Amino acid sequence: MDFSIASILALDGVTNGAVYALLATATVLLFAVTRVIFIPQGEFVAFGALTLASLQAGKVPGTVSFLVGLAVLAAAGDFVHGLRTKRSARSAVLHAARILAFPVAVSLVAIWVAPRGYPLWVHALLTLALVTPFGSLIYRVAYESLADASVLVLLIVSVGVHFALTG
């Protein structure tokens with residue numbers, strides 16, 4: 001084996017090790033803060049890669065409709081919770097509108113940008129803007145109402161979220 005092959009293999013090993021180290025650090029930090037063993041971390045990576053590939057191909061990514069749908073679910077849940085806690089209807093509607101504002105705005109930008117030939121860095125920033133809100137929205141929809149549940153229940157919900165995201 002010559003030096004070039006060994007250096008390529010070493011670089012590949014360091015890259016894979018760094019990815020595994022980042023995933024392990026994220027799992028430990030997330031569990032320490034929220035008590036949730038967040039199984040579907042890999043789905044976020046896959047959503048990011050597929051979103052960027054769709055934007056580069058000039059197509060509107062599927063994550064746009066998923067983001068809007070998840071935001072609507074989170075806003076509806078917070079709206080109902082606001083009405084149950086005797087908050088005024090106007091306040092509940094404003095809170096729901098705040099939840100919907102960023103995902104809808106980013107989705108409209110993605111629909112506008114996708115067919116145009118923008119450079120990679122624009123698509124990368126748009127991918128970050130599309131995929132990053134999934135974390136807080138999934139937390140609101142799936143985990144927030146279970147804040148006082150045991151770690152086992154949170155693990156079961158995390159596996160369910162994993163299956164829902166891969167489906």
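In what follows, every heavy atom counts, from backbone to side chain, and hydrogens, waters and symmetry copies are set aside. Since the model is a prediction, treat every value here as computed from it, not as a measurement.
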Worksheet entry | Sequence neighbours excluded - side chain to side chain donor-acceptor pair (under 3.5 Å) pairs with any residue from residues 115-129 | Q56-H123
Practice prompt. Considering non-hydrogen atoms only, spot the tightest contact between L67 and P133 and give its length.
Written response: CD1-CB, 3.9 Å
Discussion item. Do L154 and V141 land in one hydrophobic cluster if side-chain heavy atoms of ILVMFWY residues count as linked below 4.5 Å?
Written reply: yes
Worksheet entry | Atom CG of D148 with >12 non-hydrogen neighbours under 6.0 angstrom | no
Worksheet item: Is the backbone of A129 close enough, under 3.5 Å, to the side chain of T132 for a donor and an acceptor to pair up by distance?
Response: no
Discussion item. Assigning hydrophobic clusters by single linkage (Ile, Leu, Val, Met, Phe, Trp, Tyr; side-chain heavy-atom cutoff under 4.5 Å), is L52 placed with V131?
Written reply: no
Worksheet entry | Pairs where residues 19-32 contributes a residue and the test side chain to side chain donor-acceptor pair (under 3.5 Å) is met, not counting sequence neighbours | T27-Q41
Worksheet item: Is there a path from Y139 to F47 through hydrophobic residues (I, L, V, M, F, W, Y) whose side chains come within less than 4.5 Å of each other?
Response: yes
Worksheet item: Are L128 and L22 joined in one hydrophobic group, where the rule is that I, L, V, M, F, W and Y side chains link up if heavy atoms are under 4.5 Å apart?
Response: no
Worksheet item: Looking at CG of L50 and OG of S54, how far apart are the two atoms once the value is rounded to the nearest 0.5 Å?
Response: 6.5 Å
Worksheet, complete the sentence: dist L155:CG -> F31:CZ (nearest 0.5 Å) comes out at 9.5 Å
Practice prompt. Given side chain to side chain contact (heavy atoms under 4.5 Å, CB included), test V60 with L55 step by step and report yes or no.
Written response: CA-CA 6 Å; V60 177; L55 288 171; over 6 Å; no
Fill in: Pair F134-L165, side chain to side chain contact (heavy atoms under 4.5 Å, CB included): steps then yes or no
CA-CA 11 Å; F134 286 154; L165 290 179; over 6 Å; no
Fill in: Any donor-acceptor pair under 3.5 Å from S91 side chain to R87 backbone
no
Would you list the atom pairs, donor with acceptor, under 3.5 Å between side chains in residues 99-114 and any protein atom, with sequence neighbours excluded?
unit_1 : atom_1 : unit_2 : atom_2 : d
S107   : OG     : P103   : O      : 2.7

Practice prompt. State the CG-CD1 distance between L152 and I156, to the nearest 0.5 angstrom.
Written response: 4.0 Å
Item to complete: Write out all pairs satisfying side chain to side chain donor-acceptor pair (under 3.5 Å) with one or both partners inside residues 63-77, taking only residues at least two apart or from two chains.
Response: T51-T63
Discussion item. For the aromatic rings, using the six-membered ring if either is Trp, is the centroid distance between F38 and F44 under 6.0 Å?
Written reply: yes
Fill in: Pairwise distance CG(L137) to CG(L73) - rounded to 0.5 angstrom
9.5 Å
Worksheet, complete the sentence: Nearest heavy-atom contact between F79 and A92 is CD1-CB, 3.6 Å
Worksheet item: Is there a side-chain contact between V64 and L130 (heavy atoms, below 4.5 Å)?
Response: yes
Discussion item. So, taking the atom named CG in L146 and the one named OG in S158, what distance separates them when rounded to the nearest 0.5 Å?
Written reply: 11.5 Å
Worksheet entry | salt bridge (Lys or Arg N to Asp or Glu O under 4.0 Å) pairs, two or more places apart, involving residues 128-145 | D78-R140
Worksheet entry | Listed once per pair and sorted, the ring pair (Phe, Tyr, Trp, His ring centres under 6.0 Å) pairs that draw on residues 143-167, sequence neighbours left out | none
Item to complete: Please report the C-alpha distance between I39 and V161 in whole Å, then the side-chain angles of each, then the deciding distance to 0.1 Å, and finally whether the side chain to side chain contact (heavy atoms under 4.5 Å, CB included) criterion is met.
Response: CA-CA 8 Å; I39 305 283; V161 168; over 6 Å; no
